[in-house]
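Read the structure below first, then the notes.
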Amino acid sequence: MTDIRELLLSRIRDVPDHPEPGVMFKDITPLLADPAAFTALTDALAGIAATTGATKIVGLEARGFILGAPVAVRAGLGFIPVRKAGKLPGATLSQAYDLEYGSAEIEVHAEDICAGDRILVVDDVLATGGTAEASLQLVRRAGAEVAGLAVLMELGFLGGRARVEPVLAGASLEALLTI
């Protein structure tokens with residue numbers, strides 16, 4: 001794990017003051033551009049999917065789509081996008097959640113998640129945990145079981161783990177990197 005950790009860290013670029021002054025943005029586009037690093041990341045997340053017994057992968061808009069779709073393919077599982085409200089056609093289930101300054105809403109196609117599914121939620125970053133928490137609640141409301149949450153990196157200083165662990169109710173939370 002140390003080798004993959006070093007590889008992944010070496011391909012994540014710090015961008016100061018983005019999107020606003022005082023924020024150090026973790027840019028994963030160099031990692032995505034490196035086929036060896038992207039493959040290593042995909043393999044590691046697919047391994048987590050296998051360990052958790054997931055039957056489907058949920059990817060959170062937007063970078064969770066980029067990571068989750070190849071993980072689903074590698075693991076031989078279906079992929080389900082969770083989108084911002086109003087982006088999906090047809091019948092949806094939605095979940096509102098609070099942000100630091102305001103609120104947001106996410107949606108999933110109602111027919112994509114079924115009772116008996118074991119869902120692994122995949123995203124790039126666990127920060128404050130609001131979107132992850134809402135996605136886990138949405139999965140449960142759709143009648144599926146939460147297999148876990150897997151992220152490329154956890155920004156530990158923002159406390160997202162403490163927010164999502166109660167909603168995980170014992171399901172796994174795996175972060176390949178903790179910053």
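Since this is a predicted model, take the numbers as computed values, not measurements.
- The minimum heavy-atom distance linking G68 with I57 is given by the pair O-CG2, 3.8 Å.
- The backbone N or O of A36 sits nowhere less than 3.5 Å from a side-chain atom of T39 that would complete a donor-acceptor pair.
- The side-chain heavy atoms of V139 and I113, taken from C-beta on, include a pair separated by under 4.5 Å.
- Distance alone, capped at 3.5 Å, is enough to place a donor-acceptor pair between the R118 side chain and the G53 backbone.
- Counting only heavy atoms from C-beta outward, the side chains of R5 and L177 approach each other to under 4.5 Å.
- Residues T42 and F38 are in side-chain contact: their nearest non-hydrogen atoms beyond the backbone lie under 4.5 Å apart.
- Connection of V15 to I28 is not established within any shared hydrophobic cluster, with ILVMFWY side chains joined at heavy-atom distances below 4.5 Å, either directly or through further cluster members.
- Note: E165 CD to L136 CG = 11.5 Å, rounded to the nearest 0.5 Å.
- In terms of modelled atom types and a separation under 3.5 Å, the side chain of Q95 and the main chain of A134 share no donor-acceptor contact.
- Taking hydrophobic clusters as Ile, Leu, Val, Met, Phe, Trp and Tyr residues chained together by side-chain heavy-atom distances below 4.5 Å, L77 does not share a cluster with V73.
- A donor-acceptor pair under 3.5 Å is formed between the side chain of K56 and the backbone N or O of D112.
- Nearest approach of L126 to A132, heavy atoms of both residues: CD1-CB, 4.1 Å.
- Using a 4.5 Å cut-off on side-chain heavy atoms (C-beta onward), E174 and V151 make no contact.
- Listed for the D27 side chain is a donor-acceptor partner under 3.5 Å among the backbone atoms of T29.
- The CD1 atom of I106 sits 10.0 Å away from atom CD of E61, with the distance rounded to the nearest 0.5 Å.
- Atom CE of M153 and atom CG of L31 lie 8.0 Å apart (nearest 0.5 Å).
- Here T131 contributes atom OG1 and R163 contributes atom CZ; the two are 8.0 Å apart, rounded to the nearest 0.5 Å.
- Hydrophobic cluster membership is shared by L9 and L41, with clusters built from Ile, Leu, Val, Met, Phe, Trp and Tyr side chains linked at under 4.5 angstrom.
- Residues L45 and L176 form a side-chain contact, since some pair of their non-hydrogen atoms from C-beta on lies under 4.5 Å apart.
- A donor-acceptor pair under 3.5 Å links the side-chain atoms of D17 to the main chain of G22, judged by distance alone.
- Looking only at side-chain heavy atoms (C-beta outward), I12 and L152 come within less than 4.5 Å of each other.
- From K84, atom NZ reaches atom CG of L60 across 11.5 Å, with rounding to the nearest 0.5 Å.
- Annotation for R63 and F25: closest pair NH1-CZ, 4.2 Å, computed over non-hydrogen atoms.
- Among all heavy-atom pairs drawn from V121 and S135, the shortest one is CG1-OG, 3.6 Å.
- Cluster annotation: M24 and F157 are assigned to distinct hydrophobic clusters (Ile/Leu/Val/Met/Phe/Trp/Tyr, side-chain heavy-atom contacts under 4.5 Å, transitive).
- No donor-acceptor distance shorter than 3.5 angstrom exists from the side chain of T128 to the backbone of L158, with no hydrogens or angles considered.
- Salt bridge absent: R83 and E107 never bring a charged side-chain N and a carboxylate O closer than 4.0 Å.
- The only member of V146, V58, T55 that meets side-chain contact (heavy atoms from CB on, under 4.5 Å) when paired with D117 is T55.
- Note on L88 and V82: separate hydrophobic clusters, where clusters join Ile, Leu, Val, Met, Phe, Trp and Tyr whose side-chain heavy atoms are under 4.5 Å apart, directly or indirectly.
- Distance alone, capped at 3.5 Å, is enough to place a donor-acceptor pair between the R140 side chain and the V167 backbone.
- When every heavy atom of F65 is checked against every heavy atom of F79, the shortest pair comes out as CA-CZ, 3.9 Å.
- For V164 against E133, the heavy-atom pair with the smallest separation is CG1-N, 3.8 Å.
- For the atom pair CD1 of I48 and OG1 of T52, the computed distance is 8.0 Å after rounding to the nearest 0.5 Å.
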